[in-house]
J.: 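Take a look at this one; I'll ask things after.
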Amino acid sequence: MADIRPFVAIRPAKEYAKDIAALPYDVYNREEACVEVKDKPNTFLRIDRAETNFDSSVDTYDEKVYKKADELLHTMIDDGRFIRDSKPCYYIYELTMGDHTQTGIVAVSSVDDYDNGVIKKHENTLAEKEIDRINHVDKCSAQTGPVFLAYRERTTIDEVVLRIKNGEPEYDFTSDDGVNHRVFVIDNPEDVDIIRKEFADTDAIYIADGHHRAASAVKVSKMRRKAKGKYTGDEEFNYFLSVLFPDDQLMILDYNRVLKDMNGHNLDELFDKMSEYFELTNVDDEPIRPSKKGEVSLFDGTQWRLYKIKIEYTSDDPVDGLDVSLLQELILEPFFGIIDPKADDRIDFVGGIRGLEELERRVKSDCKVAFAMYPTDITELFDVADASRLMPPKSTWFEPKLRSGLFIHEIER
């Protein structure tokens, strides 16, 4: 039983929505973020990455950075660039990238559901990555980046969403990367009640993206609970900002691997190693994209080679049977010596949005070989989470990316 509630959002005044909406804070490094905010006084990245307001002598995680984020946020609220709704609402957030459209419900999700396993995880979080968002949420007393959640499609929610989408959107704009964003407000009490009850009948919600944002919000909640002593459970700090999408609308792209050295081996030895576990099905000078589960393509600097896993090495285990797991266990660890992909700087990961051309560029510049993967399926993610297991690092790349700044969830100071 999931507790997914409407909330009073702080959100952009209509005329500022496009200028404020920004890609997630962790898409950029500091240098890239500084370039992105240049000549963009309203972009939310100035708040999400407040170190961009200082020169390089100020550490990214300095206390004054978080104070600046709080100051900027409340200045924009006070001067009317942000508005605060008058009552709790759900919101519809539709994103269209090319031919793909996905529509989610913006809401707040229960911290207790996160703790008791109703909201399921599929990857670990790193304490050092959590600290930054803990400080940001704590200092601003607001959650500024939504957690991307998924649920198994529910017809009744779809019907409400489709009906409301026939009306006039609150926001309708196309961002610089070509993604169209539309937002609708759900404030009719009957519709709000239907959606809340539908989620209450859902026994599992899944974190698709944003594990660190979720974990950070939960830890701030526990800090506030401890400081308050007695709490009812209805306080806003007991909930975290979320966008929930039905599973049948989500698009997961490939998450590819590039290797910076051959671990003392040569290409012929790599081809021999691959042939132990995979069948070679095609060789071409042009990029070859895997077209089904069990396929992986390899670029060696001159040619692309398409491989298919031999049936005897497949697995029904939800983790061991993942394509990224098979490549890791059969090739990356024994041949390249990549034991911990998260910590080894000899491997890099390239999101599928960059295309196979980026893999070619990397191999011809700073890497030796690239592997293009077939995308992990959302049902595979659900199976791993349902088994209380963890996926290997960099197993999924979701597109399009949710924008920060369109919805802010304020919590008690």
J.: Going by atom types only, do Asp177 and Ser175 share a side-chain donor-acceptor pair under 3.5 Å?
T.: yes
J.: Start with the C-alpha distance between Asp377 and Thr379, add both sets of side-chain angles, then the distance that settles side chain to side chain donor-acceptor pair (under 3.5 Å), and finish with yes or no.
T.: CA-CA 5 Å; Asp377 190 81; Thr379 58; 2.5 Å; yes
J.: Any salt bridge linking Lys228 with Glu412? Criterion: basic side-chain nitrogen under 4.0 Å from a carboxylate oxygen.
T.: no
J.: With Ile338 as reference, evaluate Ile347, Ile331, Asn263 under the side chain to side chain contact (heavy atoms under 4.5 Å, CB included) test and give the passing residue.
T.: Ile347
J.: Under the 3.5 angstrom rule, does the side chain of Ser404 hit a backbone N or O of Gly145 as a donor-acceptor pair?
T.: no
J.: Without swapping roles, check the side chain of His122 against the backbone of Ile207 for a donor-acceptor pair under 3.5 Å.
T.: yes
J.: Find out whether Ile411 and His409 are in side-chain contact, i.e. whether some heavy atom of one side chain is under 4.5 Å from a heavy atom of the other.
T.: yes
J.: Answer yes or no: are there more than 12 heavy-atom neighbours, outside Lys308 itself, under 6.0 Å from its atom NZ?
T.: no
J.: Between the side chains of Arg154 and Asp248, is the shortest nitrogen-to-carboxylate-oxygen separation below 4.0 Å, so that they form an ion pair?
T.: no
J.: Shortest non-hydrogen contact from Glu198 to Thr202?
T.: O-OG1, 3.1 Å
J.: Any idea which heavy atoms bring Asp59 and Val65 closest together, and the distance?
T.: O-CG2, 3.5 Å
J.: Examine distances only and state if a side-chain atom of Glu71 and a backbone atom of Ala69 form a donor-acceptor pair shorter than 3.5 Å.
T.: no
J.: Please evaluate residues Asp3 and Tyr239 with respect to the criterion side chain to side chain donor-acceptor pair (under 3.5 Å), reporting the C-alpha separation (whole Å), side-chain torsions for both, the decisive distance (0.1 Å), and the verdict.
T.: CA-CA 9 Å; Asp3 184 9; Tyr239 295 84; 2.7 Å; yes
J.: Examine distances only and state if a side-chain atom of Thr96 and a backbone atom of Thr101 form a donor-acceptor pair shorter than 3.5 Å.
T.: no
J.: Have a look at Glu94 and tell me which of Gln102, Gln249, His181, Arg182 forms a side-chain hydrogen bond (donor to acceptor under 3.5 Å, both in side chains) with it.
T.: Arg182
J.: For the side chain to side chain contact (heavy atoms under 4.5 Å, CB included) test, which of Asn282, Leu298, Val283, Leu356 pairs with Trp304?
T.: Leu356
J.: In terms of relative ring orientation, are Phe245 and Phe148 parallel, tilted or perpendicular, with 30° and 60° separating the classes?
T.: tilted
J.: Working to the nearest 0.5 Å, report the span between CD of Glu168 and CZ of Phe184.
T.: 8.0 Å
J.: Specify the closest pair of heavy atoms between Tyr28 and Ala33, including all atoms of both residues, with the distance to one decimal.
T.: CB-N, 3.8 Å
J.: I'd like to know if Arg346 pairs up with Asp261 as an ion pair, taking the criterion as any Lys NZ or Arg NE/NH1/NH2 lying under 4.0 Å from an Asp or Glu carboxylate oxygen.
T.: yes
J.: Give the intermediate values and the outcome of salt bridge (charged side-chain N to carboxylate O under 4.0 Å, His left out) for residues Glu51 and Arg30.
T.: CA-CA 8 Å; Glu51 72 272 20; Arg30 181 168 182 165; 5.2 Å; no
J.: Could you give the distance from NZ (Lys260) to CG (Asp348), rounded to the nearest 0.5 Å?
T.: 4.0 Å
J.: Identify whether the distance between the nearest side-chain nitrogen and carboxylate oxygen of Asp234 and Arg5 falls below 4.0 Å.
T.: yes
J.: Mind checking whether Asp85 and Lys87 have side chains closer than 4.5 Å, heavy atoms only?
T.: no
J.: Would you give the length of the straight line joining atom OG1 of Thr52 to atom OH of Tyr25, rounded to the nearest 0.5 angstrom?
T.: 15.0 Å
J.: Would you find a donor on one side and an acceptor on the other, under 3.5 Å apart, between the side chain of Lys394 and the backbone of Asn256?
T.: no
J.: From Ile92 CD1 over to Thr103 OG1, what is the distance, rounded to the nearest 0.5 angstrom?
T.: 7.5 Å
J.: To the nearest 0.5 Å, tell me how far Asp254 CG sits from Leu359 CG.
T.: 8.0 Å
J.: Salt bridge check: are Arg224 and Asp138 linked by an N-O gap of less than 4.0 Å?
T.: yes
J.: Do Lys197 and Asp201 sit within salt-bridge range, that is, some charged N less than 4.0 Å from a carboxylate O?
T.: no
J.: Does Arg305 reach the side chain of Met274, with side-chain heavy atoms less than 4.5 Å apart?
T.: no
J.: Do Asn53 and Val58 come within less than 4.5 Å of each other through their side chains, counting heavy atoms only?
T.: no
J.: Distance-only, no hydrogens or angles: does the Glu32 side chain make a donor-acceptor pair with backbone N or O of Asn29 under 3.5 Å?
T.: yes
J.: Would you say that Met391 contacts Thr376 through its side chain, given a criterion of any heavy-atom pair below 4.5 Å between the two side chains?
T.: yes
J.: So, the side chain of Asp323 versus the backbone of Gly294: is there a donor-acceptor pair under 3.5 Å, distance only?
T.: yes
J.: Hey, are Arg163 and Asp191 close enough for a salt bridge, meaning a charged N less than 4.0 Å from a carboxylate O?
T.: yes
J.: Is any side-chain N of the basic residue among Arg225 and Asp112 closer than 4.0 Å to the acidic one's carboxylate O?
T.: yes
J.: Taking the six-membered ring of Tyr114 as reference, does the NZ or CZ atom of Lys121 fall below 6.0 Å from its centre and within a 45° cone about the axis?
T.: yes
J.: More than 12 foreign heavy atoms under 6.0 Å from CG of Asp340: is that the case here?
T.: yes
J.: If you measure only the distance, is there a donor-acceptor pair under 3.5 Å linking the side chains of Glu295 and Ser291?
T.: yes
J.: Assess the residue pair Ile353 and Met97 against the criterion (side chain to side chain contact (heavy atoms under 4.5 Å, CB included)); give the C-alpha distance rounded to whole Å, side-chain angles, the decisive distance to 0.1 Å, and a yes or no.
T.: CA-CA 11 Å; Ile353 193 68; Met97 185 175 75; 4.3 Å; yes
J.: Minimum heavy-atom separation for Thr396 and Ala208, please, with both atom names.
T.: OG1-O, 4.4 Å
J.: Within the structure provided, determine whether Phe349 and Pro341 are in side-chain contact (heavy-atom separation under 4.5 Å).
T.: yes
J.: List the atom of Ala17, the atom of Pro12, and the distance in Å for their closest heavy-atom pair.
T.: CA-CB, 3.7 Å
J.: Going by an N to O cut-off under 4.0 Å, is there a salt bridge joining Glu170 and Arg11?
T.: yes
J.: Quick one: closest heavy-atom pair of Ile408 and Ala142, and the distance?
T.: CG2-CB, 3.8 Å
J.: Given 3.5 Å as the limit, does a donor-acceptor pair link the side chain of Ser216 with the main chain of Arg213, or not?
T.: no
J.: Strictly by modelled atom types, are Thr144 and Asp48 linked by a side-chain donor-acceptor pair under 3.5 Å?
T.: yes
J.: Between Asp386 and Arg152, is there a side-chain N and carboxylate O pair less than 4.0 Å apart?
T.: yes
J.: Would you please test His136 and Asp132 for side chain to side chain donor-acceptor pair (under 3.5 Å) and show each step?
T.: CA-CA 6 Å; His136 196 278; Asp132 169 52; over 6 Å; no
J.: For the residue pair Tyr91 and Phe7, is the inter-centroid distance of their aromatic rings smaller than 6.0 Å?
T.: yes
J.: Regarding Asp79 and Arg81, does a basic nitrogen lie under 4.0 Å from an acidic carboxylate oxygen?
T.: yes
J.: Under a 3.5 Å distance rule, please check whether Lys120 uses its side chain to pair with a backbone N or O of Ser388 as donor and acceptor.
T.: no
J.: Is any side-chain heavy atom of Tyr277 closer than 4.5 Å to one of Lys310?
T.: no
J.: With side chains defined as the heavy atoms from C-beta onward, is the minimum distance between Ile20 and Met76 less than 4.5 Å?
T.: yes
J.: So, taking the atom named NE2 in His212 and the one named CZ in Arg133, what distance separates them when rounded to the nearest 0.5 Å?
T.: 12.0 Å
